[in-house]
Amino acid sequence: MERFTQLSVDIAKTWSKYSSMYLQGIANTLILALVATAIGCLIGFLCGALTTIPTSKHDSRVKRFFLGLIRVIVRIYVEVFRGTPMILQAVFIYYGLPYFTNNSVQFGNKWAVAILVVSINTGAYMAESVRGGIFSVDRGQTEGAMAIGMTHWQTMLHVVLPQALRNIMPQIGNNYIINVKDTSVMFIIGFADFFSMHKSIAGASYAYFPSATIEMAGYLCMTLLASFLLRFLEKKMDGKSDYELVQKDPLTQTAGTYSINKRDLVNPNKEEEGLRG
């Protein structure tokens, strides 16, 4: 019990002294995660839409060649950025490009590098999620849109993607929560995120475990809040659970509500006798 009491005292002292740095790190982390997730979603939707363009033997060779080339490029992009750690991607872009270009290509803005790395990493994961979301939409939706004269892009924009967006909304939320935590690897390029602030504070105060406890509690609060907001958004997108059919139009009635006058029924036996007579 004494150890927990001492830990609480150390946490209170550390927070009271460095709270502004922690809050600044939290703000940078949330902004980076939100912006990078939004850009990554746009990249994923673009890659997913391009890789699902249908082709047939009746298409020209040029069209089939370019669509095949696009699929190969997207596949390489997805496999490379899903198969390598984000921290190494940041090292390669921030330190590797100046090395290979003899310092002719350099990034002076660490925000730009952090957003670029997290965005393209998120886009690689979202590309596969979007592709799966597009395929999850019933084929009849596409065929119906084509039947009324809509082009492929009109069908994607107005019919398929809105439904695919709802299907992959949980995955978008997962990617955002992952980005909130994984932005901590940006300390490798000196980006001042939440984790970077923790390292600086722990080095200055020698209170590594109290600072780590604050760090863990901060990340937990950010992810729990994101989960709550995403569930609320999903419910809003689902709409109401109970729908009432409108029956104001007397010519429109639902099945099971028709009333039949028995006097209007025709006796088939009498009708047949009348025909014979």
Side-chain angles (χ1 to χ4, degrees), residues 10-44 77-126 172-226:
D10 293 339
I11 290 175
K13 290 181 179 179
T14 305
W15 175 260
S16 62
K17 187 175 182 179
Y18 300 102
S19 58
S20 59
M21 294 182 63
Y22 283 121
L23 293 176
Q24 183 62 46
I26 290 174
N28 292 345
T29 295
L30 291 176
I31 294 172
L32 175 58
L34 184 61
V35 173
T37 302
I39 297 175
C41 288
L42 294 177
I43 296 173
Y77 158 66
V78 169
E79 295 301 332
V80 168
F81 283 94
R82 285 199 314 174
T84 55
M86 190 187 297
I87 188 171
L88 295 181
Q89 296 167 14
V91 169
F92 183 86
I93 292 176
Y94 189 74
Y95 299 107
L97 289 181
Y99 175 81
F100 285 109
T101 60
N102 197 20
N103 293 325
S104 61
V105 178
Q106 291 183 344
F107 291 94
N109 192 334
K110 295 178 181 179
W111 268 99
V113 179
I115 291 175
L116 176 63
V117 173
V118 182
S119 297
I120 57 180
N121 188 275
T122 304
Y125 285 94
M126 285 303 305
I172 294 176
N174 288 338
N175 283 331
Y176 172 74
I177 292 174
I178 290 172
N179 286 340
V180 169
K181 297 180 296 181
D182 285 358
T183 52
S184 60
V185 303
M186 291 297 110
F187 79 91
I188 198 68
I189 63 173
F191 181 76
D193 71 317
F194 192 29
F195 184 76
S196 177
M197 293 296 184
H198 153 66
K199 289 176 65 66
S200 300
I201 293 170
S205 63
Y206 298 102
Y208 190 89
F209 187 69
S211 180
T213 305
I214 296 174
E215 189 84 0
M216 183 176 64
Y219 276 115
L220 183 61
C221 291
M222 286 189 286
T223 55
L224 288 177
L225 178 61

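Quick note: numbers below take in every heavy atom, side chains included, and nothing from hydrogens, waters or symmetry partners.
No side-chain heavy atom of Phe195 sits less than 4.5 Å from a side-chain heavy atom of Val185. Contact of the Lys181 side chain with the Met222 side chain is not registered, since no non-hydrogen atoms from C-beta on lie closer than 4.5 Å. Looking only at side-chain heavy atoms (C-beta outward), Ile39 and Ile115 come within less than 4.5 Å of each other. At a threshold of 4.5 Å between non-hydrogen side-chain atoms, the residues Tyr94 and Lys110 count as touching. Looking at Asn174 and Tyr125, their side chains never come closer than 4.5 Å, going by heavy atoms from C-beta outward. At a threshold of 4.5 Å between non-hydrogen side-chain atoms, the residues Asn28 and Trp111 count as touching. Side chains of Thr223 and Tyr176 form no contact here, defined as non-hydrogen atoms less than 4.5 Å apart. Side-chain atoms of Met126 and Ile43, non-hydrogen and from C-beta on, never get closer than 4.5 Å to each other.
Closest approach of Ala226 and Ile177 over heavy atoms only: CB-CG1, 4.1 Å. What you find for Ala90 and Ile188 is that their closest heavy atoms are CB-CG2, 4.1 Å. Shortest non-hydrogen contact noted between Ile189 and Ala114 is CD1-N, 4.3 Å. Between Thr14 and Pro210 the shortest heavy-atom distance is OG1-CB, 4.1 Å. Across all non-hydrogen atoms, the minimal contact from Val80 to Gln89 is O-NE2, 4.4 Å. Here the shortest heavy-atom pairing between Thr37 and Ile172 reads CG2-O, 4.3 Å.
For the pair Ser211 (side chain) and Ala207 (backbone), a donor-acceptor distance under 3.5 Å is absent. With hydrogens and angles disregarded, a donor-acceptor distance shorter than 3.5 Å links the side chain of Ser16 to the backbone of Lys13. In terms of modelled atom types and a separation under 3.5 Å, the side chain of Asn179 and the main chain of Leu34 share no donor-acceptor contact. Although no hydrogens or angles enter the test, the distance criterion places no donor-acceptor pair under 3.5 Å between the side chain of Asn175 and the main chain of Thr122.
Put simply, CG on Leu220 and CG on Leu225 are 11.0 Å apart, with the number rounded to the nearest 0.5 Å. Phe194 contributes atom CZ, which lies 8.0 Å from atom CD1 of Ile214 (distance to the nearest 0.5 angstrom). The CG atom of Asp193 lies 8.5 Å from the CE atom of Met186; values are rounded to the nearest 0.5 Å. Distance check: Gln24 CD to Ser196 OG gives 11.5 Å after rounding to the nearest 0.5 Å. If you take CD1 on Ile120 and CD1 on Ile93, they are separated by 4.0 Å, rounding to the nearest 0.5 Å. The line from CZ of Phe191 to OG1 of Thr183 is 7.5 Å long, rounded to the nearest 0.5 Å.
Applying the 6.0 Å contact sphere to CZ of Phe209 captures no more than 12 heavy atoms from other residues, nucleotides or ligands.
With His198 as the fixed residue, the ring-ring contact (aromatic ring centres under 6.0 Å, His included) test singles out one of Tyr208, Tyr22, Tyr18, Phe187: Tyr208.
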